[in-house]
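Read through the structure below, which is laid out as C-alpha cells, and then see the notes.
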Amino acid sequence: MGNNLTVVVLAAGGGTRMRSKTMKVLHPIAGRTMIGHVLAAARAMEPGRIVAVVGHQREQVSEHIRSIEPDAVLAVQEEQLGTGHAVRMAVEAAGASEGTVLVAYGDTPLLTGDSLRWFVAEHEASQGAVSILSGIVADPFGYGRVLRNDEGDVEAIVEEKDASPEQREVREINSGILAFDAEFLVSALPRIGNDNAKGEFYLTDAIAIAREDGLTVGAYPIDDVMQTEGVNDRVQLARMGAEMNRRIVEGWMRGGVTVMDPATTWIDADVVLAPDVTILPGTQLLGATVVAEDAVVGPDSTLKDCEIGAGARVVRTHGELAVIGGGANVGPYSYLRPGTNLGAGGKIGGFVETKNAVIGDGAKVPHLSYVGDAEIGEGTNIGAGTIFANYDGVEKHRTKIGRHARTASNNTFVAPVEIGDGAGTGAGTVVRRDVPPGALAVSSGPQRNLEGWTLRKRPGTAQAQAAAEALSEGPGGRPDGEQGVAES
Ligand code: UD1
Ligand code: CA
C-alpha cells in the first residue's frame, strides 16, 4: 500500500501458557511460524517498513524474523509494560512520524493480507486519527470492548479488567489490530498512563485521547473474526492449525484439486498444487512441496519439500527433498530421503529406501532395496533386494550404473563401483569391481551340496526327520525325480 505505511508487529510477550521452551510466536502452524504468517500478511501490503517489537527470548525471535524479513526494523522492549509501551519502543526505533501506522500482534496466524489491506483502506478513507479492527463475538470475555455513544460513534476501548458490568455486556471487541495516523500516534503515546487494573500502558487508551482531541475514530468489524484470534496455549494452537488447514484445503479444492478426505489431508501454507491433482486420505503435503497436474498422492503419504511431476503416482510414501518425474510410480511403502531424483516414468517400489540417488527416466527399483549415493541410468532395472553399500565404515562412496543395465536379485554394490551401459549381474552378486559395458558380472561360486549334512549335524530335529522321510521314499518316490535328492 506504499511507502508511508509502517506495520508494527508486537511479539515481546512471553506466551507462558504455551509452557514451552520455544517462544509462542515461533511455534509452527501449517509449515510457518505464527509470526511468519503475520509477517506474510504484512508483506502482502507492501508497506514502507515493518517493525517488530521483541522482548522475551529476543535473540531467538530476532534471528527468526531477520531470516524471513531481513529489512524489518527490530525494536527491543526490555520489560513488557503494556501494548502502549511496546508501540512506543517501535516508534522510537523506526522514527515513524508520517503516514499510517498499523499495529498487529505476532500470534494471529489466520490473518490475511487482504483483510489488512481492506482495514487500512477504510482507515485512510476516514482520515481519522485511529481506527479499530473490531469484531462482533458471542463471548467477548477477556477482550477490550469498543464503547460507542448514542450516535454510534466510537468513544473508547475499555479493557476487561477495567470494565463495568454494563460495559462487559458489549459484544463488539477490539481485535488488537489498530491503524493510526502517525502524527497523532506520536503525540498520543507520551500521554498514555498506566493507572489501570493491570498497571500497564494500554495502547487502547489512545482512542479516548483522540476523542478528547476532537479527532475522528472509527471501528470496522471484520466478518471473519477468527483471523484476528490469537493463540495462547497448545489447545488453541491445534484448533487454529485445524482451521487454517481447513481453509487451505478448501482453497485448493476450489482451485481444481480433488481431495477425497479433507479431514485427514494436511497441506502447508507454502505448498503449490496444480489443477486435477488428486489427494487420497491420510496425506500430508508439507513445506515447499509442489505437485504437478494429474498426479495422485496418497493414501497415507507424507511429502516434505518434494516436487512431484505430472501424472505421477505416489502411494503410502514418506519423502523429503525428493524430485519425482512425470508419470513415475512410487510406493507403496517407499522412503525417499533427501537427494532422491526419479526420472520420468521411473519406479521406486515397495520397501525401497533411497538417498542421494539419481534414477534415470524409465529406470526401476521395484522391490526391497536400499539405494544410497547412486546414479542409475535410464531404462535400467535393479533386481529385488539390492543394497547399495555406500559406506565403508569411514566414508561414503558412490555407485554408478549405466543405461539399460539389468541387475539381478539380491545384489550388493560395494561403492565406489561402476557398472557399464547394458551390463548385467547374476543373482546374489557382490559387485566390488567395475563391470564393463555389456558384461555379465557373477561373483557367487558354483553351488556345492553336502549330502546328508542334516542327518549328521541336526539329528533328532524336525528338519532331520523330514530329510529322512524324503530320503526313504527314494529317487522314484516323487512325481519329478529332480525335485528330490540328487542321485549323483
Ligand atoms: C489486548 C488489547 C485488547 C484486545 C486484545 C486482543 C490492550 C491494552 N489490550 O489485550 O483490547 O481485545 O489485545 O487480543 O492493548 N505485547 C508486547 N509488549 C507488551 C505487552 C504486550 O509486545 O508490553 C504483545 C504481546 O506479546 C501480545 C500482544 O502484545 O502479542 C497483546 O498483548 P496482551 O497482553 O496479550 O494483550 P491483551 O490483554 O490480550
Ligand atoms: Ca492476548
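Counting starts at 1 for both ligands and their atoms, following the listed order.
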Worksheet, complete the sentence: Near Glu159 (heavy-atom distance under 4.0 Å), the atoms of ligand 1 are 2 (C), 3 (C), 7 (C), 8 (C), 9 (N), 10 (O), 11 (O)

Worksheet entry | Working for salt bridge (charged side-chain N to carboxylate O under 4.0 Å, His left out), residues Arg239 and Glu243 | CA-CA 6 Å; Arg239 205 162 56 78; Glu243 176 60 20; over 6 Å; no

Worksheet, complete the sentence: Per-atom filter on ligand 1: closer than 4.0 angstrom to a heavy atom of Leu10 are 22 (O), 24 (C), 29 (O), 30 (O)

Discussion item. Measuring from non-hydrogen atoms of Gly230 to any atom of ligand 1, is the shortest distance under 4.0 Å?
Written reply: no

Worksheet item: Do ligand 1 and Leu81 have nitrogen or oxygen atoms that lie under 3.5 Å from each other?
Response: yes

Item to complete: Could you say whether the N/O atoms of Thr83 and ligand 1 ever approach to under 3.5 Å?
Response: yes

Worksheet item: Near Tyr202, which atoms of ligand 1 are under 4.0 Å from a heavy atom of that residue?
Response: 8 (C)

Discussion item. Are Phe388 and Phe413, when compared by the centres of their aromatic rings, separated by less than 6.0 Å?
Written reply: yes

Worksheet item: Backbone or side chain, does any N or O of Tyr143 fall under 3.5 Å from an N or O of ligand 1?
Response: no

Worksheet item: Do you know the tightest heavy-atom contact between Gly377 and Ala363?
Response: O-CB, 3.4 Å

Worksheet, complete the sentence: Here the atoms of ligand 1 under 4.0 Å from any heavy atom belonging to Lys198 are 38 (O)

Discussion item. Less than 3.5 Å apart, any donor N or O on the side chain of Thr340 or Thr354 sitting next to an acceptor on the other?
Written reply: yes

Worksheet item: Say you draw a straight line from CG of Leu189 to CG of Asp205; how long is it, rounded to the nearest 0.5 Å?
Response: 11.0 Å

Fill in: Whether Ser301 side chain and Thr317 backbone form a donor-acceptor pair below 3.5 Å
yes

Worksheet item: Of the choices Met34, Gln77, Glu78, which has the non-hydrogen atom that lies closest to atom 18 (N) of ligand 1?
Response: Gln77

Worksheet item: Is the shortest distance from a heavy atom of Lys24 to ligand 1 less than 4.0 Å?
Response: no

Worksheet item: Going through the distances and angles, do Asn4 and Glu98 end up as a side-chain hydrogen bond (donor to acceptor under 3.5 Å, both in side chains)?
Response: CA-CA 7 Å; Asn4 56 1; Glu98 267 186 2; over 6 Å; no

Worksheet entry | Exercise: do Glu159 and Thr204 side chains pair donor with acceptor under 3.5 Å | yes

Discussion item. Whether the Lys24 and Asn232 side chains hold a donor-acceptor pair (N or O, under 3.5 Å, no angle test) is what I'd like checked.
Written reply: yes

Worksheet entry | Flag for Thr100-Glu124: side-chain donor and acceptor within less than 3.5 Å | yes

Fill in: Stepwise salt bridge (charged side-chain N to carboxylate O under 4.0 Å, His left out) check, Arg58 with Glu78
CA-CA 9 Å; Arg58 84 177 74 113; Glu78 297 284 350; 2.9 Å; yes

Discussion item. Please list, in number order, the atoms of ligand 1 under 4.0 Å from a heavy atom of Ala12.
Written reply: 17 (C), 18 (N), 22 (O), 26 (O)

Item to complete: Select one of side chain, backbone, both or neither to describe which atoms of Glu229 lie under 4.0 Å from any atom of ligand 1, heavy atoms only.
Response: neither

Worksheet item: With a cut-off of 4.0 Å, which atoms of ligand 1 are near a heavy atom of Gln80?
Response: 18 (N), 19 (C), 23 (O)

Item to complete: Give yes if a backbone or side-chain nitrogen or oxygen of Gly13 is under 3.5 Å from a nitrogen or oxygen of ligand 1, and no if not.
Response: yes

Response to the item:
Restricting to heavy atoms, the pick from Asn174, Asp107, Thr204 nearest atom 4 (C) of ligand 1 would be Asn174

Worksheet item: For atom 20 (C) of ligand 1, which of Gly82, Gly176, Ala52 has the closest heavy atom?
Response: Gly82

Worksheet item: Gly144 heavy atoms, cut-off 4.0 Å: which ligand 1 atoms fall inside?
Response: 3 (C), 4 (C), 11 (O), 12 (O)

